[in-house]
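One structure is given below, encoded as structure tokens.
Below, chain A is the first sequence line, B the second, and so on; all start at residue 1.
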Number of protein chains: 2
Amino acid sequence: MTGGFLPEVALDRTSPVPLYFQVATRLQQLIEDGEMPVGGRLENEVDLATRLGVSRPTMRRAIQYLVERGMLVRKRGVGTQIVHPKVRRPVELSSLYDDLAKSGQEPRTEMRLFEIRPAPDHIAEALGVPEGTEVTWFERLRYAGGEPLAIMHNAVPVDVLPLRREDLEQHGLYELLRAAGRIPRMANQVVGARAATTAEARMLGDSRGAPVLTMTRTAWDESGRAVEYGSHLYRASRYSFELTLTS
Amino acid sequence: MTGGFLPEVALDRTSPVPLYFQVATRLQQLIEDGEMPVGGRLENEVDLATRLGVSRPTMRRAIQYLVERGMLVRKRGVGTQIVHPKVRRPVELSSLYDDLAKSGQEPRTEMRLFEIRPAPDHIAEALGVPEGTEVTWFERLRYAGGEPLAIMHNAVPVDVLPLRREDLEQHGLYELLRAAGRIPRMANQVVGARAATTAEARMLGDSRGAPVLTMTRTAWDESGRAVEYGSHLYRASRYSFELTLTS
DNA sequence: GTCAACACTTTGTCCTGACAAAGTGCAAGG
DNA sequence: CCTTGCACTTTGTCAGGACAAAGTGTTGAC
């Protein structure tokens with residue numbers, strides 16, 4: 001009748017980590033390690049709260065956190081169920097560099113252009129800054145596994161982050177933004193496809209007319225400040241976008 | 001000093017609509033109508049709660065709701081700020097049909113194949129169902145504005161929703177799923193590009209080798225049950241994906 | 001004039017308590 | 001046998017209070 005059984009959970013009330021987060025993290029561990037049966041039900045939140053020695057609101061908040069991440073589903077009058085693992089997976093706002101590095105593909109960056117200039121109109125509009133605002137504008141050729149993969153054009157307002165050519169050759173743009181505390185929290189992307197021009201094909205080591213993926217993106221930080229505009233071109237034969245959507 | 005000024009807000013305590021939601025909706029209206037200055041600060045939550053005659057938790061929940069939707073930003077010790085409108089816009093899990101209908105492009109659907117059959121291995125795996133599970137498998141050619149736009153292959157488990165050929169010819173798949181209460185809440189998509197084969201090009205009214213956008217998707221409902229698998233092909237010259245990401 | 005300590009404002013966390021609403025299952029009545 | 005209604009369980013909503021933590025600005029010492 002009780003459904004799930006919850007093993008010992010140790011909470012540290014002296015820790016600066018919020019209680020509800022400690023509870024949520026512990027629950028998440030148990031679920032991911034498979035100690036809580038998938039599809040099974042959690043104990044009801046009142047008992048759970050009592051047993052862990054926290055108040056019901058705190059327990060609710062912990063559960064709510066996991067519901068938002070897609071790990072749990074609640075139904076009034078029924079209970080809380082554990083969702084099949086396949087469904088989960090948070091939306092990550094990551095950059096190509098991060099993705100490549102994570103999958104062990106050894107990214108390499110070749111800087112083709114690097115200048116500080118007033119933003120062209122369409123870029124200023126995309127960034128939501130006044131026309132003529134100074135941006136760092138650069139074009140990079142990204143290699144993975146020794147082969148060219150993408151041509152990337154980017155603009156970053158100079159007052160958001162002063163970029164140095166050397167940094168960009170050795171690190172991903174998002175990595176640099178994060179390090180500076182200008183963390184991208186929201187992004188608007190348009191993904192399309194077209195045939196490569198002769199020049200593009202030559203740079204990518206592909207043949208003329210080969211299909212390429214196009215992606216233009218504007219990214220904002222948590223305060224709504226635009227931090228980056230990008231217009232990228234990927235070899236379709238070597239790259240595709242994977243993304244998780246939640247309503 | 002107070003920053004934003006909040007006009008009269010009428011709350012209906014007899015309504016079944018939760019108080020926090022009434023407050024959130026009203027706030028959202030005021031912001032979207034531009035009555036609250038963008039970039040401006042809200043009153044602090046304690047005063048706000050007092051003035052509206054609700055408790056602080058309720059007020060917090062209303063604000064939290066708008067924070068999650070990207071309309072507000074809060075900083076401890078500072079206050080709550082209204083984010084620039086450009087950044088907002090919720091991720092919508094919509095279908096091509098909905099999108100076209102909304103933008104007034106008059107979608108038309110031509111059914112090329114419609115059968116009930118055991119799911120092929122790779123589709124069964126994508127859906128997370130046992131091999132051989134019965135699915136409705138169909139291929140549609142989607143027109144917009146009189147011209148072909150996409151070739152769409154889809155599989156829907158029969159025990160999720162029994163589909164009829166006639167319905168699919170006149171409605172979008174997502175529309176039908178929603179009407180049946182199997183609402184897609186989460187989806188995993190892979191977007192890529194390649195050159196069209198001769199057969200594909202002929203169907204799409206394009207030339208052989210023309211770039212096409214490919215998209216494969218699995219969608220789940222709120223309980224984690226897979227409701228749809230799709231493998232679509234779009235004319236790159238006429239379609240692109242627009243999406244908003246949040247971390 | 002500069003810098004550090006302190007006060008103040010504002011959001012974050014956490015508690016207790018109470019009632020409402022929705023789903024489930026059982027039992028009584030037709 | 002089927003349906004209706006009631007009881008029970010479980011999550012949802014709401015209130016009020018208390019203290020903590022972080023950011024801002026001011027004041028005072030040097």
Spacing of [X] atom [atom1] relative to [N] atom [atom2], expressed in whole Å:
X	N	atom1	atom2	answer
B/Leu11	D/dT13	CG	P	16 Å
B/Gln64	C/dG12	CD	C1'	10 Å
A/Glu45	C/dC14	CD	P	16 Å
A/Leu72	D/dT11	CG	C1'	13 Å
B/Arg41	C/dT10	CZ	C1'	10 Å
B/Met59	D/dG16	CE	P	15 Å
A/Arg74	C/dA21	CZ	C1'	14 Å
A/Asp12	C/dC14	CG	P	12 Å

Worksheet item: How does protein contact run along nucleotides 3-9 of chain D, one letter per nucleotide 5' to 3', with B for base contact, S for sugar-phosphate only, - for none, heavy atoms under 4.0 Å?
Response: ------B

Discussion item. Categorize A/Pro57 for me: base, sugar-phosphate, or nothing, with a 4.0 angstrom heavy-atom threshold over every strand shown.
Written reply: base

Discussion item. Quick check: on DNA chain C, is the nucleotide nearest B/Asp47 upstream (toward 5') of the one nearest A/Ser55, or the reverse? Name the residue that is more 5'.
Written reply: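 First, find each residue's nearest nucleotide; the 5'-ward one identifies B/Asp47.
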
Residue-phosphate contact under 4.0 Å: [X] side-chain N/O, [N] OP1/OP2:
X	N	answer
B/Thr58	D/dT13	no
B/Arg61	D/dT13	yes
B/Tyr20	D/dC14	no
B/Arg56	D/dA15	no
B/Thr80	C/dT11	yes

Discussion item. Given C/dT16, C/dT13, C/dA22, identify the nucleotide with an atom nearest to the side chain of A/Arg76.
Written reply: C/dA22

Worksheet item: What nucleotide among C/dC14, C/dG12, C/dT16 has an atom nearest to a side-chain atom of B/Arg60?
Response: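 My answer, after comparing the listed nucleotides, is C/dG12.
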
Compile the donor-acceptor pairs under 3.5 Å between side chains in residues 128-138 of chain A and protein atoms, sequence neighbours left out, one pair per line.
| residue | atom | partner | partner atom | Å |
| --- | --- | --- | --- | --- |
| A/Thr133 | OG1 | A/Pro130 | O | 2.5 |

Practice prompt. Step through it carefully: locate the ring centre of A/Tyr20, locate the ring centre of A/Tyr65, and say whether they are under 6.0 Å apart.
Written response: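 Ring centroids of A/Tyr20 and A/Tyr65 are no less than 6.0 Å from each other.
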
Interatomic spacing from [atom1] in [X] to [atom2] in [Y] - rounded to 0.5 Å:
X	Y	atom1	atom2	value
B/Leu52	B/Glu43	CG	CD	8.5 Å
A/Thr58	A/Ile63	OG1	CD1	11.0 Å
A/Gln189	B/Glu242	CD	CD	10.5 Å

Worksheet item: Thinking salt bridges, do B/Asp221 and B/Arg178 make one under a 4.0 Å N-O criterion?
Response: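 Salt bridge flag = no for B/Arg178 with B/Asp221.
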
Worksheet item: Considering residues at least two apart in sequence or located in another chain, which fulfil the salt bridge (charged side-chain N to carboxylate O under 4.0 Å, His left out) criterion with A/Glu45?
Response: A/Arg56, A/Arg60, A/Arg74

